Amino acid sequence: MNNIVIQTNGLTKKFGDFTAVNEITFDVQAGEIFGFLGANGAGKTTAMRMLCGLSQPTSGKATIAGCDIYTQTEKIKKNIGYMSQKFSLYEDLTVIENIRFFAGIYGLSDIEIKEKSNILLHKLGLETSKKKLVGSLPLGWKQKLAFSVAVIHEPSIVFLDEPTGGVDPITRRQFWDLIYEASDNGITVFVTTHYMDEAEYCSRLSMMVDGEIKALNSPTNLKDQFHADSMDEVFYELARGAKRKAD
Amino acid sequence: MKQFLSFIKKEFYHVFRDKKTLLMLFGLPIIEIVLFGFALTNEIKNSKIVVCDYSQDEASQLLTQKIESNYNFTVEKNLLSHNEIENSFKQGDIKLAIVFPSNFQQSLFHENIAQIQIIADASDPNTAYTLTNYMKQIILDYQRSILPKGAIPMQIQSEMKMLYNPELKASINFVPGVMALILTLICVMMTSVSIVREKELGTMEILLVSPSNPIMIIIAKAIPYLVVSIINLIIILLLSVFLLDMPIHGSIILLFAESILLIITALSLGLLISNSTANQQSAMLISLMGMLLPTMMFTGFMFPIENMPIPLQVISNLVPAKWYYTIVKSIMVQGLGFAAIWKETLVLIGMTVFLLTVSIKKFKIRLS
């Protein structure tokens, strides 16, 4: 328990009178795959944006890889990868141009970029398509590529915001293979999802309802706790109490 | 530095992959120059007129010949009666009608006064005014030619000299105007659209999460358009020198330096627009509405600012293109140096600093 990479204490974000995230407190350990669940509008994305330094918290404390999110945002940025809900590569750039660009802005050297892009292309089986425009690839390939690009600089944590939306089950499975591989390499994965089968793949889960964390445990323990057979039931049980309208 | 290069490279890919926009970027200045240079001119040539000559004598025919030999007019028809005049106008292309009363020559030489009627189609008042002026000039010339030498004891001969533009070429007005228009339009519109596009696609978030400096992202965005604008500037200058015969009298280096200043002003304005809009369409609309009309109206190359009501004259001072237009005219047409345009330059620099400060501040606020 001494390898905590994300630690929050009473982290809160208010937009005017509306409290989007209300005093959430949790720890994530190194190498974990941490599932961040909740209905639409529960405050997941807002919480994640605060952790990534895209949004300033209203109050509370948090450290990412040992860095304070108020004062050391620049240091945090070097240590995290991020893949947003929206597709995050440039469709009018080719596969290899996208890889080079994102590796470049993380300050990788030319030799490193060359080495990494070769490994990456090989792993994804995209060697023959490396000069194709990303826009012409199927969605599943794009998502896998986007994930690989998000971890190309070997961050200590990668944040994934609903990475598998709209992707078929087989590709989703392959996508999770990539996540496992990253986790095996010591990258902590912080992932939000709506798919309860994916929730089962996580080492630990938090359930957000109305801006608060209502449950936090491993999938097995959560099912025991709520006397449920599946994660679906756990989710319904918790989300039913929500007062906020989903958007 | 390496990060910055990665950004610039990526922005160039964006610009040069988008063939349609690229065509527009480089096609627009060429079309504008050709249009303004040739199609839009203040001169009115070969206007069709009709002559109704009741007199049919030597004097009236001589004057008709003089009119016909002038390149401004073509005599379309000789009418027999007054009644046909209105019909000719109604049919269209006739701009002017001349009526000689009967006994024109006799009145002229024996009574020393003769009358001639000029009827103009004033549905377009400017054309009508210009054409009647041309006609009066021809009649005055004729009158002078039939006067015996020394008939008038006293005369004032006015000699006119059209400084900087002896041939009264309209292109001298239009080229600086087109330069101002194109440079502002392209820079404002393209930067605002390209930044808003990243926001819309969600890639801006990814860039902001990365360790790259936001200011660097913005500067990298502007660089391809700076390059495109400079190429455009060269195209416009080449076209105006070789196609429109419009020489550059002043320093080319000064001209380029001032143009780059305007480009930077426009880029900062585009940045400000992109900060205040959420999608590409509104960015496009705001830059078009906000730039095209004011630039056309308030630059002074189409409508003289001096003739506008005072409030509009005050507003015109807010348009960067207006100051640039004055600068370009001073350099290109009058061949003046920096000493003559430092005030305008200062205004542009002031605008740029203001726009940049506001937009960078706004950009930072958005981050938190």
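Just so we're on the same page: letters track the sequence lines, and every chain starts at 1. In this text, all values refer to a predicted model and were calculated from it rather than measured experimentally.
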**Q** Side chain, backbone, both or neither: which part of Leu133(A) has a heavy atom under 4.5 Å from chain B?
**A**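 Contact with chain B: side chain only.
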
**Q** Side chain, backbone, both or neither: which part of Phe102(A) has a heavy atom under 4.5 Å from chain B?
**A**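 For Phe102(A), the side chain is the part near chain B, not the backbone.
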
**Q** Does atom CG of Leu293(B) have more than 12 heavy-atom neighbours, drawn from other residues, nucleotides or ligands, at distances under 6.0 Å?
**A**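 Count over threshold, so yes.
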
**Q** Is it the case that over 12 heavy atoms from other parts of the model lie below 6.0 angstrom from the CD1 atom of Ile252(B)?
**A**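 At most 12 heavy atoms, drawn from other residues, nucleotides or ligands, come within 6.0 Å of this atom.
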
**Q** Identify the two heavy atoms, one from Gly104(A) and one from Ser6(B), that lie closest to each other, and give their separation to 0.1 Å.
**A**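 Scanning both residues completely, I find the closest heavy atoms to be CA-OG, 3.5 Å.
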
**Q** With a 4.5 Å cut-off on heavy-atom pairs, point out which of Glu97(A), Glu74(A), Arg100(A), Met83(A) contacts chain B the most.
**A**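 It is Glu97(A).
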
**Q** Identify the heavy atoms of Ser210(B) and Lys77(A) that sit nearest to each other, and give their distance.
**A**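 Ser210(B) and Lys77(A) have their closest heavy atoms at O-CD, 3.4 Å.
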
**Q** Let's test your reading of the structure: which of Asn213(B), Val209(B), Leu5(B) forms the most heavy-atom pairs below 4.5 Å with chain A?
**A**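 Ranked by heavy-atom pairs under 4.5 Å with chain A, first place is Val209(B).
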
**Q** Sort Ile113(A) into side chain, backbone, both or neither according to what part of it lies under 4.5 angstrom from a heavy atom of chain B.
**A**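 For Ile113(A), the contact with chain B is made by the side chain alone.
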
**Q** If you count heavy atoms of other groups shown closer than 6.0 angstrom to CE of Met216(B), is the number above 12?
**A**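 Yes - once you tally the heavy atoms of other residues, nucleotides and ligands closer than 6.0 Å, there are more than 12.
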
**Q** Please list, in residue-number order, every residue in residues 11-24 of chain B that has a heavy atom less than 4.5 Å from any heavy atom of chain A; write 'none' if there are none.
**A**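 Within residues 11-24 of chain B, near chain A: Tyr13(B), His14(B), Arg17(B).
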
**Q** Rounded to the nearest 0.5 Å, what separation is found between the CD atom of Glu205(B) and the OG atom of Ser55(A)?
**A**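 Interatomic distance, Glu205(B) CD to Ser55(A) OG, rounded to 0.5 Å: 10.0 Å.
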
**Q** Measuring from Phe101(A):CZ to Leu207(B):CG, what's the distance to the nearest 0.5 Å?
**A**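 Spacing of CZ (Phe101(A)) from CG (Leu207(B)) equals 5.0 Å.
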
**Q** Where does Ile105(A) contact chain B at under 4.5 Å (heavy atoms): side chain, backbone, both or neither?
**A**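 Interface part for Ile105(A): both.
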
**Q** Kindly indicate whether the side chain of Tyr90(A), heavy atoms from C-beta on, has any atom under 4.5 Å from the side chain of Ile206(B).
**A**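 A side-chain contact under 4.5 Å is absent here.
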
**Q** Return yes when atom CD1 of Ile111(A) has more than 12 non-hydrogen atoms of other residues, nucleotides or ligands closer than 6.0 Å, and no otherwise.
**A**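 Open.
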
**Q** Is Asn79(A) in contact with chain B via its backbone, its side chain, both, or neither, using a 4.5 Å heavy-atom distance?
**A**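 The answer is neither part of Asn79(A).
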
**Q** In Å, rounded to the nearest 0.5 Å, how long is the span from CG of Asn98(A) to OG1 of Thr203(B)?
**A**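 Output value for this atom pair is 10.0 Å.
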
**Q** Does any part of the side chain of Lys2(B), heavy atoms only, come nearer than 4.5 Å to the side chain of Asp110(A), both counted from C-beta?
**A**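 Yes, close enough: below the 4.5 Å cut-off.
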
